[in-house]
Amino acid sequence: MNMLNCHHHLLLLPFLTLLLFLLLSISFSDALDFLFNSFNDTDLKLTGDARFESSVIRLTNDSNQYSIGRAFYPSPLPMLNSSTESTITSFSTSFVFSVLPQSTSNPGFGVAFFLSNSTSPPNAIAGQYFGLFSNATRPSVYPLIAVEFDTGINVEFNDPDANHVGIDLNNIESDVTRSAGFYNSTNGELVPLDMRDGQNVRTWIEFDGSLLELNVTIAPATVPRPSRPLITYKNPAIANYLSPNMYVGFSASKTTWVEAQRILAWSFSNTGTARDLNTTNLAVFLPESSSSPSFSAGAIAGTSVAFAVFFVLCLSGLYWFWQKKKKKAAREDDAIEHWELEYWPHRFSLEELSEATKGFSKDELLGSGGFGRVYKGILPNNNDMEVAVKCVSHDSRQGLREFMAEISSMGRLQHKNLVQMRGWCRKGNELMLVYDYMPNGSLNRWIFDKPKKVMGWEERRRVLGDVAEGLKYLHHEWDQMVLHRDIKSSNILLDSEMRGRLGDFGLAKLYQHGQTPNTTRVVGTLGYLAPELANVVAPTAASDVYSYGVVVLEVVCGRRPIETWSVDEPLLIDWVRELYVEGRLSEAADSRIAGEYKVEDMEAVLKLGLACCHPHPHHRPTMREVVALLLGKEVSAAPGRLLSPLSRALSGGVEVLEPPLPPPGSRGN
Ligand SMILES: *[C@@H]1O[C@H](CO)[C@@H](O)[C@H](O)[C@H]1NC(C)=O
Ligand SMILES: *[C@@H]1O[C@H](CO)[C@@H](O)[C@H](O)[C@H]1NC(C)=O
Ligand SMILES: *[C@@H]1O[C@H](CO)[C@@H](O)[C@H](O)[C@H]1NC(C)=O
Ligand SMILES: *[C@@H]1O[C@H](CO)[C@@H](O)[C@H](O)[C@H]1NC(C)=O
Ligand SMILES: *[C@@H]1O[C@H](CO)[C@@H](O)[C@H](O)[C@H]1NC(C)=O
Ligand SMILES: *[C@@H]1O[C@H](CO)[C@@H](O)[C@H](O)[C@H]1NC(C)=O
Ligand SMILES: *[C@@H]1O[C@H](CO)[C@@H](O)[C@H](O)[C@H]1NC(C)=O
Ligand SMILES: *[C@@H]1O[C@H](CO)[C@@H](O)[C@H](O)[C@H]1NC(C)=O
């Protein structure tokens, strides 16, 4: 400055003033400072199922299976301080939220405060992911930071409990977590705070952009601000998760379990401390039983919703009983409809499953096999729903973890010919999978175990058709191809109407990763394994088809694929193939059902089974083709194309395959 004489200085003055004005106006436009002690429908930008409801924001929609709701301030927060360019801005915010699960024993997933460069983070999914994060096992560095108020426990994400606060850097697995609570300013004691009972929870978040430090404090809305934060989190890596402009707001998601997540008030400032919220007149949303007699609008709305839900439950209960009564007329499709409400695999608590199975009592043991024990259970919280609880223990945490990620997608598989998965629970290396209970047990028992009543031909063929349809769904009709990898008659279960359902899909994969005591070789079951798998080729849809073919043969012939007690006995496949070559295929059929079938029908099914067991994977039909042939659908569309794999499959050109089966009477459509 000493170089400037007075004259120059005077000349510069207007210019400097202009510059100062520009700077001021820039930093002024950067300032984000707001206070909402209540909301109106124009204050925030709401996406998904989020909505404005009499002065508060509700994030999810109870009636949707999957629901994601977000609410954010309409304009983004500039993260770089424009007056210094390189420094990261600091901010301070305070808000009041309320989380009220419909059932206290089954809370949902809570709510998250977040900063993101986009109003719709890519691949965000519902459920435990807050509608923010993707399910990627190794999430990328991406501008998304969240403070989660989690009301569920996901052990696979290292959650400490079902009531915690965590800081997430584009990763559902929090970088730091603390059980919900606050430090008493008087004596410094940590007082636990239950975020799942609907009470208004006030939160303060302070972010220091130069230190990259984030403080989170929570307390009941009635308690003054605690002086010590619950979480002090300092991590230079935060900078990698920032972008020049970030939207700030809230996100929540639901799947099965209904939970109301509400935002009642919010203040924010990037120029100083966020203004104090006035919590005196906030609505309070408590469970009906304990709600105060003063009826706020919210309480009334809540009560009427609860009544509506109750009414619907009663109605569906009645409907269900009515359905059960007129069993004769009921089709399997109706039976599924009743349960359609829930299909995201729910995370059960160990207590719940323990109660359901009477403490995993021996009396409830349905069976035990290579995969572990299976117990029968009754879920008191789900209309006394009958379930089968499969306990799988696993040596490799790594494999288990990967598998857990898949469970969430497998639980979404839904088909009338699959055993529906209802949820899971994990304790240490033990995984518990909850499935619908299948009252008629597994198919092998009806074929081999000297049942009271031998399964008739029509029933057998129907079950084979059911299984084919289930497998076709896994292979061709879902977002991704799902390989079953362990198809065998003991994995085919029969529901109350004796319809076949495929169980344990995808489970075999778990064992590929880990060394379980029971499995020392290729995944799958001897006798059902496609020959190419002996050379440790990765399983394919065609190897599933092979196993299915073995099931077809055993069901029609009433013989096990390998009769273990006899060394001389040929493998079932070789035996049937030989009879076929000799033109004596009809002799292969189970003698116990002789006379129940038309010989051509039976032979056609056997040929299909043989075709599926073709030694060369490429010559096996696909499950689409199998279903078309077995159930007589779509055949007219392309009979030549469908038949060619079969005629090819029956190698040696011994015989050109007969036309496909006549459409079975049992499945008229
Ligand atoms: C909504 O609230 C804001 C302030 O919070 C106010 O400026 C605006 O006029 C309100 N809009 C309506 C429609 O009430
Ligand atoms: C919830 O979603 C359903 C359908 O998706 C819609 O009809 C209903 O209005 C929504 N409820 C609320 C409260 O927004
Ligand atoms: C930007 O940085 C300056 C100087 O550090 C500070 O005074 C100002 O409050 C900051 N502005 C924002 C919006 O953070
Ligand atoms: C958000 O950031 C990512 C990574 O930096 C970038 O690829 C993406 O385009 C950004 N999205 C928006 C909406 O700015
Ligand atoms: C904090 O501790 C003091 C003294 O022990 C007690 O009187 C007060 O009720 C506590 N406050 C809260 C909010 O728990
Ligand atoms: C966070 O809390 C600690 C401990 O109370 C305090 O020293 C620090 O200044 C706080 N940081 C911010 C960004 O508020
Ligand atoms: C909070 O709001 C109530 C009425 O809405 C008012 O009576 C009270 O003075 C306010 N408190 C503060 C600290 O502003
Ligand atoms: C993540 O979810 C998507 C779609 O919901 C699914 O296709 C994918 O398989 C899932 N990935 C993992 C690792 O679970």
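Numbering of residues begins at 1 and proceeds along the displayed sequence. In listed order, ligands and their atoms are each counted from 1.
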Counting non-hydrogen protein atoms only, what is the nearest one to [atom]? Give residue, atom name and distance.
atom: atom 5 (O) of ligand 6; answer: P229 CD, 3.4 Å
atom: atom 13 (C) of ligand 6; answer: D208 CB, 3.5 Å
atom: atom 9 (O) of ligand 4; answer: N117 ND2, 4.7 Å
atom: atom 7 (O) of ligand 4; answer: Y142 CE1, 4.6 Å

Atoms of ligand 7 close to T280 [distance to a heavy atom under 4.0 angstrom, numbered from 1]: 1 (C), 2 (O), 3 (C)
For N281, atoms of ligand 7 separated by under 4.0 Å from a heavy atom: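 Heavy-atom distances to N281 below 4.0 Å select 4 (C), 5 (O).
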Geometric cation-pi criterion R262 and F285, 6.0 Å radius, 45° cone: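 Ring-cation test returns yes.
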Contact (N/O only, under 3.5 Å) between E213 and ligand 6: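 Yes; at least one N/O pair falls below 3.5 Å.
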What is the distance from atom [atom1] of [X] to atom [atom2] of [Y], rounded to the nearest 0.5 Å?
X: I263; Y: F36; atom1: CD1; atom2: CZ; value: 12.5 Å
X: K254; Y: L59; atom1: NZ; atom2: CG; value: 13.5 Å
X: D43; Y: S38; atom1: CG; atom2: OG; value: 7.5 Å

N215, T232, V216, I231: member with heavy atom nearest to atom 6 (C) of ligand 6: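 Considering heavy atoms of N215, T232, V216, I231, the nearest to atom 6 (C) of ligand 6 sits in N215.
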Winner among N278, L282, T279 once heavy atoms are compared against atom 14 (O) of ligand 7: N278
4.0 Å heavy-atom contact, P143 with ligand 4: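 It does, in that a heavy atom of P143 comes within the 4.0 Å cut-off of ligand 4.
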Close side-chain approach of Y233 and D175, heavy atoms under 4.5 Å: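 With C-beta onward as the side chain, the pair touches.
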Where ligand 6 meets E206 - atom numbers and elements under 4.0 angstrom, heavy-atom basis: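 In order of number, 14 (O).
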Full working for salt bridge (charged side-chain N to carboxylate O under 4.0 Å, His left out) between R275 and D33: CA-CA 9 Å; R275 281 174 279 168; D33 190 305; 2.9 Å; yes
Aromatic ring proximity W266/F39, centre distance under 6.0 Å: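 W266 vs F39: aromatic centres not under 6.0 Å.
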Ring centre gap for F72 and F250 strictly below 6.0 Å: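 F72 vs F250: aromatic centres not under 6.0 Å.
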Contact (N/O only, under 3.5 Å) between S118 and ligand 4: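 No, there is no polar N/O contact under 3.5 Å.
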Per-atom contact, atom 11 (N) of ligand 6, protein heavy atoms, under 4.0 angstrom: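 Within 4.0 Å of atom 11 (N) of ligand 6, protein heavy atoms are found.
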Which donor-acceptor pairs under 3.5 Å do side chains of residues 214-222 form with protein atoms, sequence neighbours excluded?
from	atom 1	to	atom 2	distance (Å)
N215	OD1	T232	OG1	3.1

